[in-house]
Each structure stands twice: as C-alpha cells, then as structure tokens.
A.B. asks: 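There's a structure below that I have some questions on.
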Protein chains: 2
Amino acid sequence: MSDAYYLQLTEQLRTLIDQNAALWEGKLPAERSLAERFATTRVTLRQALSQLEGEGLIHRSNRRGWFISPARLVYDPTRDAGFNDYVRAQGRQPRTAVLKLESRAHPPAARALGLPDDQPFQHIRRRRYVDDRAVLVESLWVVPERAPELLDIYSGQSLWGLLRERWGHYLANRSIRMVSEALSPMDAEELFVAPGTAGLNINRAILDDQQRPIEFDEEHWLHDSLCISVELSGQR
Amino acid sequence: MSDAYYLQLTEQLRTLIDQNAALWEGKLPAERSLAERFATTRVTLRQALSQLEGEGLIHRSNRRGWFISPARLVYDPTRDAGFNDYVRAQGRQPRTAVLKLESRAHPPAARALGLPDDQPFQHIRRRRYVDDRAVLVESLWVVPERAPELLDIYSGQSLWGLLRERWGHYLANRSIRMVSEALSPMDAEELFVAPGTAGLNINRAILDDQQRPIEFDEEHWLHDSLCISVELSGQR
DNA sequence: CCGGCTGATTGGTATAGACCAGAAGTCTGC
DNA sequence: GCAGACTTCTGGTCTATACCAATCAGCCGG
C-alpha cells in the first residue's frame, strides 16, 4: 500500500492492541518504547495513536499514558432512568462525585427555560464514573421554587428521583440538544484529560406538564465513552 | 497566563478569525504565513488550528486549506422530515449526489433489522450538501420486497417520501444509534476531507407498524456540521 | 509499617527543517 | 478566446531533537 506511514502504523497498532490487551492490563507501553519498536519518531507515533483515539479505541489520561477504552455505555437521553440504574443494568459500576453546590444565576440555563437572565438557580456540579473511569461532568440548574432546600439535602443521589419523590414533579417536556465539542480547559481538568479532548455536549431543558420550567442540565461526556440509543414507536 | 503557547495561539486565532472572517471570505491564510505572523512553527500552529477544528469553528478541505465553518444544521433524527425540507426551512441550500445504486447483502444492516446475514438489499449511497459543502455520506439498505424497482426509479429524491407515497409504507418503529467516530478513508474521501477527521455516525433501523423490516440507514456526518435536537412531551 | 522525600520515567510541548503530491494560478500555443 | 501544459503554492507527512512538568516507584527515616 502507498498510504501514509502513520496510517499503516495505525493498523499495526490496532492489531497489536487486540493481541496484547490482556497482557498490558489496559495500559499501553510508553510512547518512546512504541516509537522505537516501530522505528519511527514519537511525533509520527502520536499521530497514529490520535487516530485510534478518534475512533474511540484508546484514550489518554492526562500525563499518565494511553489506555484501552472500555465498551461504550449505551445511553438514552430521552428516558429518565437514573445514571446509576442504567449503568448497573449494563453490568458496570457507577459512581458520582459532587463537585459543587451553590446558588447563582446562569444566563444560558435561563434562556433555555424561558426565564430572565438574572434568574437564580440552585447549581449542582458533579462528576460521574463508570468502572472508576470519569466519563462525564455535568451541571444541573434547578429553579429554586420547584425544589426548596435542595442544596441542603442533596448528597449525590439521583436528582430526578428526588424531584419526583420529594416534590412530586412530573418531568413532561424536554428539549434535548447534542453537539460535538472540544472539552474546555475546566471540563477537561475535571475529567483528568488534556484540554481540547473530543467530547459530546448534551443539554436538556425540562418543563413539567403545565409548561413550568423545572431544570436545565448540561452534560459533557468523553466522546468515546457513550453510544446514544433511542427507540421510538409510532409516526412522528 | 502560564498556559501552553498553542493554547494562547488558539485564543489569538479565534479573535483574529472573528475579525477577519468577512475579509478572508471564509478561507484562512496559508499555514506558513500564519506561522510566520505568530513567530512559531507550522507544527505548533497546526496544533492550535486543530483545537479550533475540534470546537467546530473551522474545518479543512483536503489539501485546499482551512475554512471557517458555517452554523451547524439543526437536525432531529427522530422525525421523518426529508433532508431537503429541513435544510431549506433553515434558510440553507440542500443538494444530493447519488454515488451508487446496487443490489447486495450487508450483514450489519441485516442484523439491525433481524434478517439473515445473506439477505440482499437495494443499496443507495448518496452524498448530501448544505450550501455546497458536503456534510454527510449515507448508505440506505432497503428490503427489496418493500420497494420493488426502487433502483430503477430512484434519482435523488426523498427516499422516505417515495416509500410513503409509492408503496404506502408507514414508518412506525425506529431504533436510532449515534456514535462519534473517525471517518474511514473511504468516507473521508467521499467528503473531501482527511482520513480520520472527526465524524458522527447515525444509524437507523426502520420497521413498519406490523414490525416488518423496511430499511436500514447509515449516516456519516462531519462532526462540526450538525446540532442534534429532539423535542419530547409526555412521560417516557 | 507508614509517610514523606527523591530521582528516573514519561507524556506534553516546541523548534527547525525537509520532501512530496495535489490544487491553484499562469502562461502558451492554437 | 479557449484548452491544455507548466509552475508555484500549499497542505500532508516525516525526521531528529530538546526541555519541562507531572507521575510514579523506590528509598529512607521516623
């Protein structure tokens, strides 16, 4: 083949990874040793590794090295199953870390919910893990009137569960938006990856059955960690 | 700031692009001249450009240079509005090129529709443009019994329109899957971009109201050209 | 046995330069 | 005036090397 060398390298690495995944326990050898093995430079090697990263086969943890990516989590953003539930349903181990609890305004959330820019929200920021890999950070912006004292009682459980059980909210209308992105320096740092790593941004605006705004939700996922799946029946 | 230089460069380029977008008519100056202007190497400059590419601000056309990306197309994969309709509804100009018409088996489509691997399909491959930029290629795999003579009469119009009007098919059940990807060499070539360019893969399996398989649909989008949007009402 | 220090390793960043093939622009000859 | 040949420019790829800062493993002392 007359392809570029880094593309050949990509294929060789792909098979090499397949064969040695178990042996290496998920972590690839050092870039320098791989570059030496294929008689090339780190620059070219990294170009090949980046290809595989784009495919979602491997990923890197900032300054720690390259790792083989686990299977993607299947996720249906139109359903309101909690994160913990569907992660466990796929035989994986979920975990959540709460990063921030505060009260403040957030114009993008306000606009998405049709509220004035200075509308205060209860802000919950959390990081979610699957099998001890951080796969997303998210910010939840809850309208205070809908869930008083939320910030005092919240400690990492399912927010939608709380809204339903404690305040009886019926999450009837959702408008969902998904865009590919490059993770901002802040999001990247919270996910332990390099700034600019490919991500997927999922936003949801949620209203109740009387069109009253309840909550706005901003998720930043690592691009290789999920597979979005939606099942629909009936003409739309 | 003590950030890496390429990150500072990214910001400088961002404002430079904002200011000169009109002047440059959408095309950035040559890499060499940009590198000189910022007193750095092409390698470092390209690192910064790649950041902006990841954000979807700019993109490149293979060997032709860097271009400012137009606004993303808003797309709802759960609705069956035709491509031409929703592109025009957003004030843009759609175009379609048919790349291939053939009849053959395709195991992935067969599996998604619950048919045997050797099931033959009518295969339509087409490239779609928005305002003269190729933004996706797709393969449609139609079950022959549902649409006899499709390959003889098809010439670029809306497939779902045809299925509905000519064969009276009611596209009742869809199972949709979205995954980020790196474009394969073939897909990349058909979209005039470099292999490995970030893309979004959207697959749809479509059954009628009696659960009979009709069609399987594989779309490969440039990652920066769309914004997926879904509106739902009612509990799910 | 545990915790903090330390040095080797490794990924992240950057420089400088080179060659090739495709694209674009120019020139030429009919 | 136009088609085709030629030249230049430009992005794509690659080499070789270097330094920094974060990580990690191992050592040392309490």
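Here is the naming used below: chain letters follow the sequence lines, and residue numbers restart at 1 for every chain.
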A.B. asks: Could you tell me the separation between the CG atom of N62(B) and the C1' atom of dT13(D), rounded to a whole number of Å?
C.D. replies: 12 Å
A.B. asks: Between the side chains of S69(B) and D224(B), is a donor N or O closer than 3.5 angstrom to an acceptor N or O?
C.D. replies: yes
A.B. asks: Nearest-Å distance, NZ (K27(A)) to P (dT23(D))?
C.D. replies: 13 Å
A.B. asks: Provide, to the nearest angstrom, the distance between the CZ atom belonging to R64(A) and the P atom belonging to dG12(C).
C.D. replies: 11 Å
A.B. asks: Can you check the F38(A) CZ to dC14(D) P distance for me, whole Å?
C.D. replies: 14 Å
A.B. asks: Closest to the T41(A) side chain: dT15(D), dT13(C), dT10(D)?
C.D. replies: dT15(D)
A.B. asks: Please state whether the rings of Y75(A) and Y86(A) are parallel, tilted or perpendicular, taking 30° and 60° as the class boundaries.
C.D. replies: tilted
A.B. asks: E36(B) has an atom CD; how far is it from atom C1' of dG11(D), in whole Å?
C.D. replies: 17 Å
A.B. asks: In this structure, how many angstroms lie between the P atom of dA23(C) and the CD atom of E31(B), rounded?
C.D. replies: 16 Å
A.B. asks: Taking only side-chain N and O atoms of Y5(B), does any of them lie within less than 4.0 angstrom of OP1 or OP2 on dA14(C)?
C.D. replies: no
A.B. asks: Determine the interplanar angle of the F83(A) and W221(A) rings, folded into 0 to 90°, and report it as parallel if under 30°, tilted if 30 to 60°, perpendicular if over 60°.
C.D. replies: tilted
A.B. asks: Round to the nearest Å and state the distance from R46(A) atom CZ to dG12(D) atom P.
C.D. replies: 19 Å
A.B. asks: Is a side-chain donor-acceptor pair under 3.5 Å present for E181(A) with H220(A)?
C.D. replies: yes
A.B. asks: Less than 4.0 angstrom between a side-chain N/O of R42(A) and OP1 or OP2 of dA16(D), yes or no?
C.D. replies: no
A.B. asks: Both T44(A) and R63(B) contact DNA chain D. Taking the nearest nucleotide for each, which residue is further toward the 5' end?
C.D. replies: R63(B)
A.B. asks: Between R32(B) and T40(B), who's closer to the 5' end of DNA chain C by nearest nucleotide?
C.D. replies: T40(B)
A.B. asks: How many Å lie between CZ on R60(B) and P on dG11(D), as a whole number?
C.D. replies: 11 Å
